[in-house]
Peer 1: 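Quick one: this structure, given as structure tokens, is what I'll be asking you about.
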Amino acid sequence: MSATPEDLIERSIPFVNEIKNRTAGVELETWLNESRGPGSELWDDLARMIKEGVAEGWAANIEVDGPNYRRSRIIEPSERLSWFSITAVYLNSVPLFCGEYHQHPYGEINMVIPLDPGALLRGPRGWQGPGWTSPEPGSHHYPEVVGGGLIALFYLPAGRISYDITVPDDYEVTVPEGYEIAASDGR
């Protein structure tokens with residue numbers, strides 16, 4: 001039987017209870033990758049569920065910038081999830097692709113699930129394959145993806161994300177070695 005949004009939410013409740021009193025940032029990102037990364041029961045369960053959700057069309061099903069950049073909110077902030085929201089984003093690009101510039105007022109806990117070998121998401125501490133990124137409160141960036149398709153399943157404290165922010169003049173788009181940037185990307 002395929003996973004449902006309710007299955008994903010129920011599986012997320014114990015995880016959110018583990019992280020709800022921790023601050024997004026380097027320490028949390030390190031802990032997540034060491035104790036809740038690929039191969040852990042939590043990561044494997046959530047990855048399987050969200051892949052099914054994207055394939056079946058109940059997750060990351062609203063186009064933001066064509067079929068290769070889609071997202072959807074799985075659940076709004078609620079007491080049930082300690083006032084976290086859950087959002088799924090599907091990004092697909094072989095050359096670098098930049099999504100919408102945004103800010104994390106309270107930080108973000110972001111699970112990276114590559115669908116193609118070599119697909120990477122840029123986090124605050126560099127490029128991430130399967131695993132986690134955890135941008136700290138007040139951080140802002142483009143979601144940058146190279147190497148193919150991936151799903152970002154992210155947990156936002158209080159559901160806070162802001163697209164009402166100006167890209168700094170000194171923002172630098174980077175490309176990991178062995179990857180390329182499309183001419184239309186370097187924003």
Side-chain angles (χ1 to χ4, degrees), residues 19 22-34 37-38 50 54 59-74 76-77 84-187:
I19 63 168
R22 301 182 77 165
T23 302
V26 174
E27 186 178 314
L28 180 57
E29 183 175 304
T30 300
W31 179 80
L32 287 167
N33 281 306
E34 290 175 355
I50 200 62
V54 170
N61 57 355
I62 300 166
E63 289 187 10
V64 178
D65 187 14
N68 288 323
Y69 182 25
R70 306 186 309 257
R71 85 174 151 242
S72 66
R73 181 74 54 103
I74 306 296
E76 296 293 333
F84 277 74
S85 66
I86 304 173
T87 300
V89 177
Y90 169 79
L91 296 148
N92 188 8
S93 181
V94 174
L96 176 75
F97 176 80
C98 296
E100 286 183 285
Y101 198 80
H102 63 277
Q103 181 177 33
H104 310 110
Y106 300 146
E108 175 185 55
I109 295 87
N110 185 14
M111 185 177 169
V112 181
I113 307 108
L115 300 173
D116 294 313
L120 303 172
L121 176 74
R122 183 178 174 195
R125 281 156 282 291
W127 291 93
Q128 177 69 54
W132 298 88
T133 67
S134 185
E136 56 277 330
S139 61
H140 43 93
H141 66 110
Y142 284 112
E144 297 174 46
V145 177
V146 294
L150 62 77
I151 300 166
L153 180 66
F154 58 91
Y155 297 81
L156 293 172
R160 293 290 310 275
I161 190 166
S162 173
Y163 295 97
D164 185 22
I165 183 169
T166 303
V167 181
D169 290 337
D170 63 348
Y171 187 88
E172 187 175 331
V173 174
T174 66
V175 180
E177 189 172 325
Y179 291 83
E180 60 186 54
I181 186 168
S184 63
D185 287 331
R187 297 176 197 215

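Positions are given from 1 along the sequence.
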Peer 1: Return the CZ to OH distance between Phe84 and Tyr106, rounded to the nearest 0.5 Å.
Peer 2: 12.0 Å
Peer 1: Is the shortest side-chain N to carboxylate O distance from Glu136 to Arg125 below 4.0 Å?
Peer 2: yes
Peer 1: What distance separates Leu121 CG from Leu91 CG, expressed to the nearest 0.5 Å?
Peer 2: 7.0 Å
Peer 1: When rounded to the nearest 0.5 angstrom, what distance separates OH in Tyr155 from CD1 in Ile86?
Peer 2: 4.5 Å
Peer 1: Using every non-hydrogen atom in the two residues, find where Gly107 and Pro157 come nearest and quote the distance to one decimal.
Peer 2: O-CD, 3.4 Å
Peer 1: For Asn92 versus Gly149, what's the shortest heavy-atom pair and its separation?
Peer 2: OD1-N, 3.1 Å
Peer 1: Give a yes or no answer on whether the side chain of Asp116 reaches the backbone of Gly148 with a donor-acceptor pair at less than 3.5 Å.
Peer 2: no
Peer 1: May I ask you to decide if Ala60's main-chain N or O and Arg70's side chain share a donor-acceptor pair within less than 3.5 Å?
Peer 2: yes
Peer 1: Rounded at 0.5 Å granularity, tell me how far NE2 in His140 sits from OG1 in Thr166.
Peer 2: 10.0 Å
Peer 1: Please test Leu150 against Gln128 for side-chain contact (heavy atoms from CB on, under 4.5 Å), starting from the C-alpha separation and ending with a verdict.
Peer 2: CA-CA 11 Å; Leu150 62 77; Gln128 177 69 54; over 6 Å; no
Peer 1: Heavy atoms only: give me the nearest Asn33-Gly131 pair and the separation to one decimal.
Peer 2: OD1-CA, 3.4 Å
Peer 1: Classify the side-chain pair Asp169/Tyr171 by whether it contains a donor and acceptor separated by less than 3.5 Å.
Peer 2: no
Peer 1: How long is the straight-line distance from OG of Ser134 back to CD of Glu27, given to the nearest 0.5 Å?
Peer 2: 10.0 Å
Peer 1: Between CD1 of Ile113 and OH of Tyr90, what distance do you get to the nearest 0.5 Å?
Peer 2: 13.0 Å
Peer 1: Exactly one of Ile109, Thr133, Thr87 should register a side-chain contact (heavy atoms from CB on, under 4.5 Å) with Phe154. Which one does?
Peer 2: Thr87
Peer 1: Is there a donor-acceptor pair under 3.5 Å between the side chain of Glu144 and the backbone N or O of Val146?
Peer 2: no
